[in-house]
Colleague: 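Take this structure, written in structure tokens, and hold onto it; I'll ask about it next.
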2 protein chains.
Amino acid sequence: MSNIRDVAKVAGVSIATVSRALSAPETVSKKSLKKVHDAIEQVQYKPNMLARNFRRHRAFTIVVLVPNMANTFFATVVRGIEDVMQQHGFGVLLGDTRDQRKREEEYLKLVETRQADGVIQLRPYWEGDSILPKDDIIAVNAAGCEDTPYPCVRIDNAGAAKTATDYLLSLGHKRIGVITGLSENPHTIDRLKGYRQSLTDAGIECCDEWVAEGEFTMWSGLNAAQHFIRLAPEERPTAILSMNDEMAIGAIKGFRAAGIKVPEDMSIIGFDDIEVSRYAEPALTTIAQPAEEIGKAAANMLLRLIEGKELRQSDYILPYEFVVRSSSVPFTG
Amino acid sequence: MSNIRDVAKVAGVSIATVSRALSAPETVSKKSLKKVHDAIEQVQYKPNMLARNFRRHRAFTIVVLVPNMANTFFATVVRGIEDVMQQHGFGVLLGDTRDQRKREEEYLKLVETRQADGVIQLRPYWEGDSILPKDDIIAVNAAGCEDTPYPCVRIDNAGAAKTATDYLLSLGHKRIGVITGLSENPHTIDRLKGYRQSLTDAGIECCDEWVAEGEFTMWSGLNAAQHFIRLAPEERPTAILSMNDEMAIGAIKGFRAAGIKVPEDMSIIGFDDIEVSRYAEPALTTIAQPAEEIGKAAANMLLRLIEGKELRQSDYILPYEFVVRSSSVPFTG
DNA sequence: GTGAAAGCGCTAACAA
DNA sequence: TTGTTAGCGCTTTCAC
């Protein structure tokens, strides 16, 4: 394993020149440059990044905190992050936290111990979620919520939920249910706000029975469907907004199993627009979040922060898209 | 930002003692240990891992090469890898290669430049895929195929495909189609082998028209369905083995759209058992790969290799499970 | 059980 | 434009 000294010796220049030839070639004469490159070739030199990063006080690595990597939406955001980081010569350390606080702390330690230069958090900010923001830790939140007290990239969740609910109302539905995430989850709160606003604007009183709590998994969506199935048909919502596509898919399964047809007896709208939603039966009407773009924007923000630059804005809102497919149909008395 | 010297000064010991207190506490007296820990507390010391790793010639990081992180099966394997690595104090650098050779090389460079100690490749070994194995690069292949010329963890792909095909035959199907990945893909080759073996054993001649090439995406599965739809009904397979669940889901969509009912007119079997398969309509019969276990086993193998230990075996085969759900039914003349 | 000291391979003043 | 040199913060002999 050759080092910079070997290269310098073979090239007949100083190690400083070799170092410069690699990191700032424009400050080195053409002649030296060639000698260095030839020497590098000859001794098969590969710079030791461990040493370089140590010297530069930079890891050129970030960590991304993901609640669950098997969730397609998160995976897609991560892809966006990774794409930008790769282009900038940064590595992305995966921190699949499995919703465990301990794991989050473990990964954050990587930043504190300099193994990573910053962190992107894919879990929405929660009050009492004191882990971030944290002094000395450069962080950006991706796909989170309103009032995040550190830089973040997101969509207008309340607006999106309102858009979807408005649409169901326009289809003639009067009783509209909702499947939420955990009740304290900020996504639940923001989206519920939009849902309620829509109903209120339409002069419809919100009914507690219309809200079923899930936890953003298909399984919990299926369970949530049971809740609605237990309601008397004349009180049962005729349409449901699910706060993500996974739960919508689970709910469809649940309704089907109980003989409730989707969309004939029950319209359903999802949230996120993960890939499988268009292949679901029926194809899911949903709010499309620009997942990859969110990841890219978050990555660019973090990069700027790491370089010590100012951010133009610290609450960056990207547009969502409302995609109508087959799971939502007009109410038929 | 305090360093080891500050701690030593406050504790009234040498930096060597501080170092030992952290890396080999058993070699330090109780008394010194306490002084050191108190000092660490007092000056808020966080060891600089960049320096430590540099000194130890270890990155305590591995990179995982994933063709597509948005694919649930891959994401699940990665979760397994990450879980084991985390427990051993190793970070996992994400290398989403998007099936691009250039990206793979880029990420492999991290190992060559010591930023990572080894690599786990989730793409099956291909002849002419000369990128791995490579001298000086510690690597393990996960979820690959037969005859991988470096350590690997996988299932018996041919056997699994045969199991699934045998099952369709036992259901009375005589014309059985298959949706493959790209024809040169080793997974395609291995699984096709099992499929053909099954038919041959049953005395059925394989028909070229029964094979539709996909590329492991839902979209390509839908396209593959078109191929079968174009065949005359009396020549069309009555059952199909899809080489992954995504394509199976896409194919179901395609058949449905053409008025071919699944499973009544067409039985379908998938491969992988990703989470959504049980929620699909109809729920997918499939080969369940122990994705997370494959990841864990691969991680443990790599760890052993990094520590310079011998491997007990270098082709580690894990059991698969055949999961019967609703997408496969008996042939009804 | 502890401390002094020699680097790991590289970058970045500074001087030439 | 180039070379000399002093470390970055830590681990690890080696001697005590």
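A, B, ... follow the sequence lines: proteins, then strands. Residue 1 opens every chain.
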Colleague: Please report the distance, rounded to the nearest Å, between CG in B:Leu50 and P in C:dG9.
Modeller: 16 Å

Colleague: Taking the nucleotide of DNA chain C with the nearest heavy atom to each, does B:Val13 or B:Phe54 sit closer to the 5' end?
Modeller: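 Comparing both residues, the 5'-ward one is B:Val13.
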
Colleague: For the helix from C:dG1-D:dC16 to C:dA16-D:dT1, what angle separates the axis at the start from the axis at the finish, each from five pairs, in steps of 10°?
Modeller: 30°

Colleague: List the steps, then state whether salt bridge (Lys or Arg N to Asp or Glu O under 4.0 Å) holds for B:Glu82 with A:Arg103.
Modeller: CA-CA 12 Å; B:Glu82 205 243 26; A:Arg103 277 179 184 255; 3.8 Å; yes

Colleague: Any side-chain heavy atom of A:Phe216 within less than 4.5 Å of one from A:Asn185?
Modeller: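 A side-chain contact under 4.5 Å exists here.
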
Colleague: Can you check each nucleotide of nucleotides 11-16 of chain C against protein heavy atoms at under 4.0 Å and return B for base, S for sugar-phosphate only, - for none, in 5' to 3' order?
Modeller: BBB---

Colleague: Would you mind reading off the distance between A:Met1 atom CE and C:dC10 atom C1', rounded to a whole angstrom?
Modeller: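 Taking atom C1' of C:dC10 as the reference, CE of A:Met1 is at 15 Å.
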
Colleague: Assess the side chains of B:Gln289 and B:Asp272: does a donor N or O sit below 3.5 Å from an acceptor N or O?
Modeller: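 Yes, B:Asp272 and B:Gln289 have a side-chain donor paired with an acceptor closer than 3.5 Å.
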
Colleague: Distance check needed: C:dG3 P versus B:Lys35 NZ, whole Å only.
Modeller: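 So the NZ-P distance, B:Lys35 to C:dG3, works out to 7 Å.
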
Colleague: Would you please name every residue forming a ring pair (Phe, Tyr, Trp, His ring centres under 6.0 Å) with A:Tyr316, sequence neighbours left out?
Modeller: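 Per chain and number, A:Tyr316 pairs via ring pair (Phe, Tyr, Trp, His ring centres under 6.0 Å) with no residue.
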
Colleague: With a 4.5 Å cut-off on side-chain heavy atoms, are B:Val36 and B:Val13 touching?
Modeller: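 Answer yes - side chains close enough.
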
Colleague: For residues 59-77 of chain B, which residue pairs qualify under side chain to side chain donor-acceptor pair (under 3.5 Å), counting only residues two or more places apart or in two chains?
Modeller: A:Arg79-B:Asn68

Colleague: Taking CE from A:Met49 and P from C:dC10, how many angstroms apart are they, rounded to a whole number?
Modeller: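 For the pair A:Met49 CE and C:dC10 P, the rounded distance is 10 Å.
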
Colleague: For C:dT2 and B:Thr27 - does any side-chain N or O of the residue sit under 4.0 Å from the phosphate oxygens OP1/OP2?
Modeller: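 No, because none of the side-chain N or O atoms of B:Thr27 sits under 4.0 Å from OP1 or OP2 of C:dT2.
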
Colleague: Provide the closest heavy-atom pair for B:Ile274 versus B:Phe73 in the form atom of the first, atom of the second, distance.
Modeller: CG2-N, 3.9 Å

Colleague: Any chance you could measure A:Leu93, atom CG, to A:Ile120, atom CD1, to the nearest 0.5 Å?
Modeller: 12.0 Å

Colleague: Quick check for you: name the first and last nucleotides of DNA chain D, 5' to 3', having an atom under 4.0 Å from a heavy atom of chain B.
Modeller: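 Here the contact window of chain B covers D:dG9 to D:dT13.
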
Colleague: Does anything in residues 304-315 of chain A pair up under side chain to side chain donor-acceptor pair (under 3.5 Å), and if so which pairs, sequence neighbours excluded?
Modeller: A:Arg154-A:Asp315, A:Glu307-A:Lys309

Colleague: Is there a side chain to side chain donor-acceptor pair (under 3.5 Å) between B:Tyr125 and B:Asn141 once you walk through the steps?
Modeller: CA-CA 8 Å; B:Tyr125 172 79; B:Asn141 188 287; over 6 Å; no

Colleague: State whether the side chain of A:Asp38 and the backbone N or O of A:Glu41 hold a donor-acceptor pair below 3.5 Å, judged by distance alone.
Modeller: no

Colleague: Can you check whether B:Ser29 has a side-chain N or O nearer than 4.0 Å to OP1 or OP2 of C:dT2?
Modeller: yes

